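Written out below as structure tokens is the structure these notes cover.
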Amino acid sequence: MRHITLTEETLADAIAEAVAALRDGALVALPTETVYGLAADAANGEAVARIFEAKGRPRFNPLISHVADPAMARHYGLFDARAERLAAEFWPGPLSLVLPRADGAPVHPLVTAGLPSVALRVPRGPARDVIAALGGALAAPSANLSGRVSPTRAAHVVDQLGDAIAIVLDAGPCAVGLESTIVSLTGDKPRLLRPGGVPAEDVERVLGTRLERAKAGDAVTAPGMLASHYAPRLPLRLNATSVAPEEALLTFGDAAISGADEAAAMLNLSASGDLVEAAANVFAHLAVLDDSGAEAIAVAPIPADGLGEAINDRLKRAAVR
Ligand code: AMP
Ligand code: MG
């Protein structure tokens with residue numbers, strides 16, 4: 001791991017190194033005004049899978065895509081007048097907007113957890129320079145292990161994630177130290193999904209309307225955890241060791257599944273048994289099999305270790321009907 005202290009002299013080279021690592025699919029820890037982020041190229045599914053692996057996150061919750069400016073953001077999300085107003089007022093800054101995903105948005109389904117929406121924000125500081133130089137969005141949750149507090153100093157990141165990241169850019173302590181405020185504009189009424197660095201009242205003043213508040217325990221506060229979001233139309237049969245007639249098969253590695261040759265359709269999450277590759281494929285493969293014309297989807301057993309925990313969580317939610 002490279003720990004680069006940012007100064008006027010080191011900045012340009014540090015940005016170039018960070019971009020090269022990100023293009024390689026590696027993880028880079030970056031300072032933003034909120035907290036240090038654990039960043040991956042949002043278009044690269046395996047890189048995004050490594051975020052979940054590094055943090056030890058047991059679930060594929062959707063991640064915020066960080067963009068350089070509103071022009072870049074418009075490639076990812078559909079902006080209505082409300083979104084334009086909030087972006088003009090608060091970007092760069094600690095406000096994330098959840099918008100309908102734009103057609104052809106260069107964002108991997110693992111970033112949006114397969115949802116038709118995308119969360120976007122323009123950060124301040126060196127993270128923004130890295131994004132501009134990369135020319136595309138960075139998926140970046142906070143750079144801490146799952147269940148630990150968000151890191152506001154590079155040393156916190158190195159302690160927890162030093163082995164998983166290629167580079168940490170160190171710009172000293174973060175200014176805000178709070179996560180971004182998240183506002184959803186996917187419905188008629190704007191909704192506060194998470195309070196954070198921009199006071200909700202300031203957002204309400206600019207919108208000229210009150211934000212709906214998600215109640216405690218409301219699934220909307222964490223859309224990635226809502227079981228029904230994950231339900232394909234077809235029934236799913238987990239830990240299958242055989243395929244029934246008219247069933248499609250979602251397999252893993254070289255699992256021995258009887259009747260596999262007769263499956264209505266078949267996709268392998270990772271032929272080599274690589275859980276990072278499997279994580280990157282899980283949303284897209286389920287969608288393809290759901291549209292395959294089969295009557296149900298049989299899913300081979302997936303190991304429970306490492307990213308297997310989050311993959312199994314995703315599959316269990318997809319099986320809920
Ligand atoms: P963070 O942990 O700071 O990366 O914030 C992630 C949170 O942003 C998620 O738990 C959601 O509440 C919200 N979020 C991210 N992406 C989406 C999306 N595509 N649709 C709805 N909410 C999202
Ligand atoms: Mg966090």
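Being a predicted model, the structure only gives us computed values, none of them experimental. Both ligands and their constituent atoms are indexed starting at 1 by order of listing.
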N or O contact, Thr112 vs ligand 1, cut-off under 3.5 Å:
no

Side chain, backbone, both or neither: the part of Thr186 lying under 4.0 Å from ligand 1 by heavy atom:
neither

Region of Arg194 that comes within reach of ligand 1 [heavy atoms, distance under 4.0 Å]
side chain

Is Ser142 reaching over with its side chain to a backbone N or O of Asn144, donor-acceptor style, under 3.5 angstrom?
no

Go through the side-chain N and O atoms of Asp274 and Ser272 and say whether any donor and acceptor fall under 3.5 Å apart.
no

What I want to find out is whether Asp291 reaches Arg233 closely enough, with some N-O distance under 4.0 Å, to be called a salt bridge.
yes

For ligand 1, is there an N or O atom under 3.5 Å from any N or O atom of Glu179?
no

Does at least one non-hydrogen atom of Arg57 fall below 4.0 angstrom from an atom of ligand 1?
yes

Is it the case that the side chain of His3 and the backbone of Met1 share a donor-acceptor pair, with hydrogens and angles ignored and the cut-off at 3.5 Å?
no

For Pro141, the ligand 1 atoms whose distance to one of its heavy atoms is below 4.0 Å:
4 (O)

Can you tell which of Pro62, Gly114, Gly37 gets a heavy atom nearest to atom 9 (C) of ligand 1?
Pro62

Under 3.5 Å, side chain of Asn281 to main-chain N/O of His285, donor-acceptor pair present?
no

May I ask you to decide if Ser96's main-chain N or O and Arg194's side chain share a donor-acceptor pair within less than 3.5 Å?
no

Arg121 side chain to Gly93 backbone, donor-acceptor under 3.5 Å:
yes

Please list, in number order, the atoms of ligand 1 under 4.0 Å from a heavy atom of Ile182.
7 (C), 8 (O), 13 (C)

What part of Val118, side chain from CB on, backbone N/CA/C/O, both or neither, has a heavy atom under 4.0 Å from ligand 1?
backbone

Examine Asn144 and say whether one of its N/O/S atoms is closer to the Mg ion (ligand 2) than 2.8 Å.
no

